[in-house]
Amino acid sequence: MARLAGRLEAKWVPAPGNRLTMILGGFYDGVYDLRRDDYSATTRQALGSGGELRELYWDTGHGDWLLRLGKQQVTWGQGDYFRVLDVINPVEMRDFILSYVARFEDARRPLWMINAAHQGESVETQFLLIPQFRHTLLAPVGADFGLSPGALQGLTGPTQEDPDVDLFNPAYGLRVSGSSEAGFDWAGYLYSGYNPDPFLAVEAAEGRAELTYHPRRLVGASWSVPVANIVLRGDLAYYWKEPYQGTHPERDPAPTSDTWAALLGVDYVEKHWTVNAQYGIKRLLNSIDIQSAQTQQDASLFVQWQTLDERRKLSLLLMHKDDVVESGMAKWAGTFQPHADWKWTLGYIAFYGDRAGQFGQYGDQDRYFTEIEYVF
Amino acid sequence: MFKRAMVAVLLCLLTPGGALAAPTGKEIMSAVRDRPDGDDRSSTIQLRTLATDGFERKMVMRFREKDEGTDRKTLMYFDQPTDIAGTGLLLYSYEETGEREDDIWLYLPALRKVKRVAARDREGPFMGTDYSYADLERIRVNDYTYEVLGEETLGDRKTYHLAATAAGTRTTERTGYTRLELWVDQERWLILQEHFFDRDGRLKKELHVLKAEQIDGFWTAIESRIDNVQSGSKTFMTINDLHFDSGIDEGVFDKSALTRGLF
């Protein structure tokens, strides 16, 4: 109802080629005070207010090497919304996908890491060493976008705590990229670490549900190329023994299957219109759980019209998912900038489809929203 | 160095005192494109847009540019306004006689991602200002055919007055212009005034150079204004801290460096 969010960014350059960046973030959501009776204390505490040192990193370099050390974000792959290769940072899903599509950088959870890049003659190589694990953040049971009590079948709900930093089992990442003379950008990826998404496990004897986390290893590639007035882009990934949510969490909370995923996107931008369309597919190759979806398909369409001075914008975002059932989300928004420092947005979000679907389960969470943004 | 020597010879031939014959429009525009401007350039650019309803937006960006033979690499980083601070634009532009399209990448700090941008359509406004991407790109002499309309004096400067007509539909599709009128300084080879005509042949915008200075030995327009006569808005451009041949590190223009910014 009345969410206030603030962000403070500071940079310090003590010498050319060296820079310290610090980003603080915080929020207060008045709905949890105004409607105290509708939410549990756990929900109010988790979603009512919060703040953290979002990022703190040191940039430096020597010769062909660039180093970024500290708490930071790294985005991999060409996909928007769909995380085929964007596996480095976990995400904030306490508002389901709403924060992720509206304020991408604030909806990702930065990690402490060493990020080193080597600029070769025609190939750039990035090395990541990530000694910290943080999980994807879910809303508590009973929150607007929390796990439904029915899904827990009377078991005590799970809680999320970030496991301790494990310096002895860090995650590693490698990215090699380049461009051809024909304007073809390419990149190859290797990652060995953790899947930040939780999987529900049931301790039947104790009548308790808990969330578990599992390793992830992948190899992937991404590309993009301009063709006339559009840009085509894509991601491809192969995950070894990727965990998936089984239908019998009391027996096996996270069975694994080798899995591949692909994404194809197209971007078109001209003076008034921006159009972005994507199709993604994910296939489990040797799943033993026949009730789980062997193939998942996703599609998105973003259309925006804007005036030449970019002060008035109208946009529509459609996201559709087909796993065992079909469901999706539509978001309309209109933005007006009356002053250089102020923006006002008015919009509506609707969820549709089967109530067992990832989007359809929130069919009773359709909402109008308005945002006022002030930049200093 | 060879390019610089060739340009010096060309300028000498075109300079009124040394000319054997009046230069053609194409020769004049080639001289504008090839006038000496060092091997690299760095500056801070301020863009201030004023709309008819009083809305005012100010942008500040850091600009770096380096020549590599006939190719050119350009990097722009936005520092203001705050909501786009950190946005970076990297452009590799190639010799216009070649078939190769320019390469453009955009770094969006909110996405922490570098995105490839299609280079063919340059008609759209540059970051909501009255400048289009086409207005800011390297002069493409062969995109137009020229006619010298005469000589005029603007302020205290003697100029050639040229009409330029789009050489083909591709130029109009790319830029949105069918015709230009230009006033070129006869000594400094700077465009001092330019009129842009839209697809219907109507006057769309006017560019006026307000101040030119010789910095590090090179003449440059450091203050200019573009008026959108159709919408009534106008954008002022001011170039500060301009330096030529400061030896900008090649690595600044790498795609991977785009995510880090300039510091």
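All figures in this text were calculated on a predicted structure; none of them were measured in a lab. Residue numbers start from 1 in every chain, and the chains themselves are labelled A, B, ... in the order their sequence lines are given, proteins ahead of strands.
- For chain A, the option among B:Ala118, B:Gly261, B:Gly124 with the highest count of heavy-atom pairs below 4.5 Å is B:Ala118.
- Of the listed residues (B:Lys115, B:Gln80, B:Lys58, B:Glu56), the one with the most heavy-atom contacts under 4.5 Å to chain A is B:Lys115.
- Within the 6.0 Å centre-distance limit, the rings of B:Phe218 and B:Phe244 are counted as a close aromatic pair.
- Contact annotation for A:Leu66: both backbone and side-chain heavy atoms come within less than 4.5 Å of a heavy atom of chain B.
- Looking at A:Glu124, the atoms closer than 4.5 Å to chain B (heavy atoms on both sides) all sit in the side chain, from C-beta outward.
- With no hydrogens or angles considered, a side-chain donor-acceptor pair links A:Ser177 and A:Arg175 at under 3.5 Å.
- Looking at B:Lys255, both its backbone and its side chain come within 4.5 Å of chain A, counting heavy atoms on both sides.
- Both the backbone and the side chain of A:Gln337 come within less than 4.5 Å of a heavy atom of chain B.
- Neither the backbone nor the side chain of A:Thr21 comes within less than 4.5 Å of any heavy atom of chain B.
- In this structure, the portion of A:Lys343 lying under 4.5 Å from any heavy atom of chain B is its side chain and not its backbone.
- A cation-pi arrangement is not found for A:Arg312 relative to A:Phe336, the charged atom failing to lie both closer than 6.0 Å to the ring centre and inside a 45° cone about the ring normal.
- In this structure, no portion of B:Thr49 lies under 4.5 Å from any heavy atom of chain A.
- Heavy atoms of A:Asp341 lying under 4.5 Å from chain B are absent altogether.
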task = Apply the test side chain to side chain contact (heavy atoms under 4.5 Å, CB included) to residues A:Phe127 and A:Ile114: give CA-CA distance (whole Å), side-chain angles for both, the deciding distance (0.1 Å), then the verdict.
result = CA-CA 8 Å; A:Phe127 304 92; A:Ile114 298 169; over 6 Å; no
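- Checked for salt-bridge contact, A:Arg108 and A:Glu92 miss the test: no charged N lies under 4.0 Å from a carboxylate O.
- Cation-pi geometry between B:Arg48 and B:Phe236 is satisfied (NZ or CZ under 6.0 Å from the ring centre, within 45° of the ring normal).
- Options A:Gly183, A:Ser224, A:Pro16 differ in how many heavy-atom pairs under 4.5 Å they form with chain B, and the most are formed by A:Gly183.
- The pair A:Glu270-B:Arg174 does not meet the salt-bridge criterion, since no charged nitrogen lies less than 4.0 angstrom from a carboxylate oxygen.
- Residue with the most contacts toward chain A among B:Asp83, B:Leu111, B:Thr82, B:Asp53: B:Leu111 (heavy-atom pairs, distance under 4.5 Å).
- Taking OG1 from B:Thr220 and CG from B:Asp37, the interatomic distance works out to 7.5 Å, rounded to the nearest 0.5 Å.
- Neither the backbone nor the side chain of A:Arg103 has a heavy atom closer than 4.5 Å to any heavy atom of chain B.
- Of the two parts of A:Asn89, neither the backbone nor the side chain holds a non-hydrogen atom closer than 4.5 Å to a non-hydrogen atom of chain B.
- Residue contact with chain A, scored on non-hydrogen atoms closer than 4.5 Å, involves the backbone and the side chain of B:Ala257 alike.
- Side-chain atoms of A:Asp95 and A:Tyr100 form no donor-acceptor pair, as typed in the model, at a separation below 3.5 Å.
- A salt bridge links B:Arg72 and B:Glu65; the closest N-O separation between the charged side-chain nitrogens and carboxylate oxygens is under 4.0 Å.
- Contacts between A:Arg7 and chain B at a heavy-atom distance below 4.5 Å involve the side chain alone, from C-beta outward.
- For A:Glu181, the parts sitting under 4.5 Å from any heavy atom of chain B are the backbone and the side chain alike.
- Note: B:Asp254 leads B:Asp254, B:Asp121, B:Asn228 in heavy-atom pairs under 4.5 Å with chain A.
- For A:Phe184, the part lying near chain B is the backbone, with the side chain staying farther off; criterion is any non-hydrogen pair under 4.5 Å.
- Between B:Asp103 and B:Arg116 there is a salt bridge, since at least one side-chain N of the basic residue sits less than 4.0 Å from a carboxylate O of the acidic one.
- Using a 4.5 Å cut-off between heavy atoms, A:Tyr268 makes no contact with chain B at all.
- Taking chain B as the reference chain and counting heavy-atom pairs below 4.5 Å, the highest number among A:Asp106, A:Asn18, A:Asp64, A:Thr307 is found for A:Asn18.
- Between B:Lys205 and B:Glu194, none of the side-chain N atoms (NZ, or NE/NH1/NH2) sits under 4.0 Å from a carboxylate O, so this pair counts as no salt bridge.
- When only modelled atom types and interatomic distance are considered, B:Ser132 and B:Glu123 share no side-chain donor-acceptor pair under 3.5 Å.
- If you measure heavy-atom distances from A:Val13 to chain B, the contacts under 4.5 Å come from the side chain alone.
- B:Thr165 and B:Thr145 share no donor-acceptor pair across their side chains, judged by distance under 3.5 Å alone.
- The contact between A:Asp267 and chain B is made entirely by side chain atoms (from C-beta outward), counting heavy-atom distances below 4.5 Å.
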